[in-house]
Student: 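So that we are looking at the same thing, I have put the structure below in structure tokens.
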Amino acid sequence: MSPLKKDALTCLCYRLYNPLEAMAQDLVEELGFTRRSRPERKIETAETYHAVLAEMLAEGWLKIVRTPRAVRLERWRSAGWLTPPREDLAERGDLDFTRRGWQLYRRLERLPDRLVWLDEDEQTFNCVAPTKKACREWFAQRCTPSAGWLLSYHTTRPAQPTRIDEPVRVGKWFSREQSRHQAGWKLTIHYRTLRRRRVQVPELGLDAWLEPREHVHISGAVPAGHIAFWLHVSQNPEGHYLYRPVVVLDHGSVELIWSSPDTLLNPVTPHQAIAYLIEGLQTLLPQTACLSENGSTAPRYRCPGR
């Protein structure tokens, strides 16, 4: 598979489904976003990606979905299949992989085959994979402080794990319609939602919310723009987690970043988080005055791990 074809399948890999015309434009935007961390990457025009996607349609790698997803979903669930959430399925008119295209792309990219979904009614986060070992590997790789605890990216409210079940056998399942399994194993993480607390620091004009979990997250507004606070997590050679407070201040088109000079062995408490937030803002706010005076139009950068 050529590099251009691999690039052209990016949106489908992450289930950003769309018809052909819109998909070509989406690719320009999605790949342009990744270019911020890889400046050497060449981004083609929408017309070029349109031609590449059309070629893969003709070759049988891709297809245009002909049946509404609600109909397909009902059919699969009536037959006893565990399926992805509705929003993770292509709608009628969208591009999607064929069975042949998905198997080839998955093999080339070495993508694991697993079904992951959040059930907010049951307050569970679930992973189904072909083997018990694959479930545990998913948990070990992704549900750690350094990976940001996947819950924080899926729940609509702050959440904290309460119990992790041992993998159990399940029946028919698929994460992609093009790759189905007759049996597998399911690992379930139970969680509880947490209440947010209002944070106000009048001397800085700060009005924000604090989420009481390990990765303390504070976001809000100050006169200069918008701010965010989090703990960047890394591991030392001994495998211990290290935490570093980070503050980001958006000022127009510029993103100013402050990072604490010290690494911590434990997550900060809410009171410590506010103290680090104030320290970071006191460092960054004077810079916004200089930028305003100079009329800076510097490009906006995305901080790693955000």
Side-chain angles (χ1 to χ4, degrees), residues 33-39 125 138-155 157-161 189 191 194-201 203-291 296 298-306:
F33 180 78
T34 64
R35 193 175 183 178
R36 298 179 182 183
S37 58
R38 294 173 56 188
F125 192 36
W138 167 81
F139 176 80
Q141 294 168 2
R142 303 299 299 156
C143 290
T144 65
S146 60
W149 259 102
L150 285 183
L151 274 173
S152 63
Y153 299 108
H154 287 78
T155 53
R157 296 181 56 191
Q160 183 179 65
I189 301 169
Y191 69 90
L194 302 172
R195 297 187 63 176
R196 299 194 303 174
R197 183 160 65 86
R198 196 69 174 264
V199 176
Q200 292 181 313
V201 185
E203 61 268 28
L204 292 178
L206 175 65
D207 185 1
W209 292 96
L210 185 148
E211 298 176 357
R213 56 187 176 193
E214 183 174 53
H215 288 270
V216 178
H217 174 80
I218 302 175
S219 60
V222 293
H226 296 279
I227 61 100
F229 170 93
W230 77 92
L231 295 177
H232 178 266
V233 189
S234 60
Q235 284 182 285
N236 63 17
E238 291 74 35
H240 300 133
Y241 292 114
L242 300 176
Y243 302 84
R244 186 185 297 274
V246 177
V247 175
V248 173
L249 172 59
D250 289 341
H251 181 69
S253 60
V254 180
E255 197 170 69
L256 300 173
I257 302 170
W258 172 86
S259 179
S260 169
D262 303 317
T263 54
L264 312 171
L265 295 178
N266 296 293
V268 297
T269 66
H271 292 293
Q272 290 172 323
I274 294 173
Y276 280 115
L277 176 65
I278 293 173
E279 182 179 349
L281 285 175
Q282 287 174 336
T283 302
L284 296 176
L285 283 173
Q287 298 179 38
T288 66
C290 295
L291 290 173
S296 172
R300 180 173 177 174
Y301 298 93
R302 179 170 287 268
C303 180
R306 190 176 178 188

Student: Can you tell if the side chain of Leu265 reaches within under 4.5 Å of the side chain of Leu242, non-hydrogen atoms only?
Tutor: yes
Student: Keeping to residues at least two apart or across chains, list the side chain to side chain donor-acceptor pair (under 3.5 Å) pairs with something in residues 259-274.
Tutor: Thr269-Gln272
Student: Could you give the distance from OG1 (Thr283) to CD1 (Ile278), rounded to the nearest 0.5 Å?
Tutor: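 Rounded to the nearest 0.5 Å, the OG1-CD1 separation comes to 12.0 Å.
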Student: Would you say the side chain of Ile227 lies within less than 4.5 Å of the side chain of Leu284, judging by non-hydrogen atoms?
Tutor: no
Student: Could you give the distance from CG (Leu277) to CD (Gln282), rounded to the nearest 0.5 Å?
Tutor: 10.0 Å
Student: Decide yes or no on side-chain contact (heavy atoms from CB on, under 4.5 Å) for Val248 and Trp230, but give the supporting numbers first.
Tutor: CA-CA 9 Å; Val248 173; Trp230 77 92; 3.6 Å; yes
Student: So do the side chains of Tyr241 and Leu231 get within less than 4.5 Å of each other, counting heavy atoms only?
Tutor: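 No; the side chains remain at least 4.5 Å from each other.
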Student: Quick check: do Trp258 and Leu249 have side-chain heavy atoms less than 4.5 Å from each other?
Tutor: no
Student: Check Val247 against Gly280 and note the closest heavy-atom contact, atom names and distance.
Tutor: CG2-CA, 4.2 Å
